[in-house]
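Heavy-atom basis, side chains included; hydrogens, waters and symmetry copies ignored. Proteins come first, then strands; the chains are lettered A, B, ... in the order of their sequence lines, and each starts at number 1.
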Protein chains: 2
Amino acid sequence: MVADDLFKALADPTRRTILDELTQKSGQTLFEICARLSMKHQLGISRQGVSQHLAVLEAAGLVETRREGRYKFHDLNTAPLRRIADRWLAPHPSGPEENTP
Amino acid sequence: MVADDLFKALADPTRRTILDELTQKSGQTLFEICARLSMKHQLGISRQGVSQHLAVLEAAGLVETRREGRYKFHDLNTAPLRRIADRWLAPHPSGPEENTP
DNA sequence: TTGATAGGCAAGTGACTGCTTGCCTATCCT
DNA sequence: AGGATAGGCAAGCAGTCACTTGCCTATCAA
């Protein structure tokens, strides 16, 4: 389920802060994001923790990555965000989501 | 944290289905929502489960309630939804969310 | 080639969460 | 009054999640 990945990704405050950082400066590496979370947000989190958060954001389609040599750059993709509110702003004839987990 | 309640509320698929139902028909009671989840969505969930979900949605500001006698009606409030995407669509000078849990 | 840098994989742990069950209160209808 | 209906409170349980630790691979610079 696509919507599920999206909302689950947004549910964590650290992931939302990562999106904030990528909004300010796109194309950051893992270490760069780690440094910013630590410096600007006083987030004492390990590199692995950030890496796992980025994986969740990528699975949700909110972050796209490109490799260059040993560097992996992370870019923001706001497309999924813009469709969130639309779902509940107008009545739908049928439920847009199957809910059988 | 307001944003935290909002995103946590949206993280659960059952709660999103409840929002779908309230979009279709506003002002439903707890039992009415229970019946619709069971009939239309094959969700085998207890009344307490639905009640707890509604409490979370109300804490997030997505649902507002009004009592009339022994009935409690639930109405949708889409205002918080419309501000979600805005956060990451334009760069912010400083982080809009404190992240010190 | 050696060391340093950037990142990945996997297992373990503590906390949170969704859900149930059991019991209780309040309102309405005969 | 008495039963039925609508809803609330609280404890308990199982599954999920965020995070850490330890080790491994790949690229670059000397």
Quick one: does B/Val50's side chain get under 4.5 Å of B/Phe31's, heavy atoms only? no

Test item: A/Lys25 and A/Gln28 side chains (from C-beta on) under 4.5 Å apart, heavy atoms: yes

If you assign each of B/Thr29 and A/Ala11 to its closest nucleotide in DNA chain D, which residue comes earlier from the 5' end? B/Thr29

Interface residues of residues 66-76 of chain A with DNA chain D (non-hydrogen, below 4.0 angstrom): A/Gly69, A/Arg70

Tell me: [atom1] of [X] to [atom2] of [N], nearest whole Å?
X	N	atom1	atom2	answer
A/Asp12	D/dT16	CG	C1'	13 Å
A/Ile33	C/dG7	CD1	C1'	12 Å
A/Asp5	D/dT16	CG	P	15 Å
A/Leu30	C/dC9	CG	C1'	14 Å
A/Leu37	D/dA18	CG	P	15 Å
A/Lys8	C/dC16	NZ	P	18 Å
A/Gln28	C/dG7	CD	P	11 Å
B/Phe7	C/dT17	CZ	P	16 Å

Is there a donor-acceptor contact under 3.5 Å from the side chain of A/Arg66 to the main chain of A/Glu68? no

Checking the side chain of B/Ser38 only, and the main-chain atoms of B/Cys34 only, is there a donor and an acceptor separated by less than 3.5 Å? no

Is B/Asp20 salt-bridged to B/Arg16, cutoff N-O under 4.0 Å? no

Please list residues of residues 45-61 of chain B whose heavy atoms come under 4.0 Å from any atom in DNA chain C, ordered by number; otherwise none. B/Ile45, B/Ser46, B/Gln48, B/Gly49, B/Gln52, B/His53

By side chain to side chain donor-acceptor pair (under 3.5 Å), which residues pair with B/Glu64, not counting sequence neighbours? B/Asn77

Identify, with sequence neighbours excluded, every residue that meets side chain to side chain contact (heavy atoms under 4.5 Å, CB included) alongside A/Tyr71. A/Thr29, A/Phe73

Partners passing side chain to side chain contact (heavy atoms under 4.5 Å, CB included) against B/Ser26 (at least two apart in sequence or in another chain): B/Asp75

Please output the side-chain donor-acceptor pairs of residues 51-63 of chain B that fall under 3.5 Å, not counting sequence neighbours, one pair per line with the distance.
unit_1, atom_1, unit_2, atom_2, d
B/His53, ND1, B/Arg15, NH1, 3.0
B/Glu58, OE2, B/Thr65, OG1, 3.0

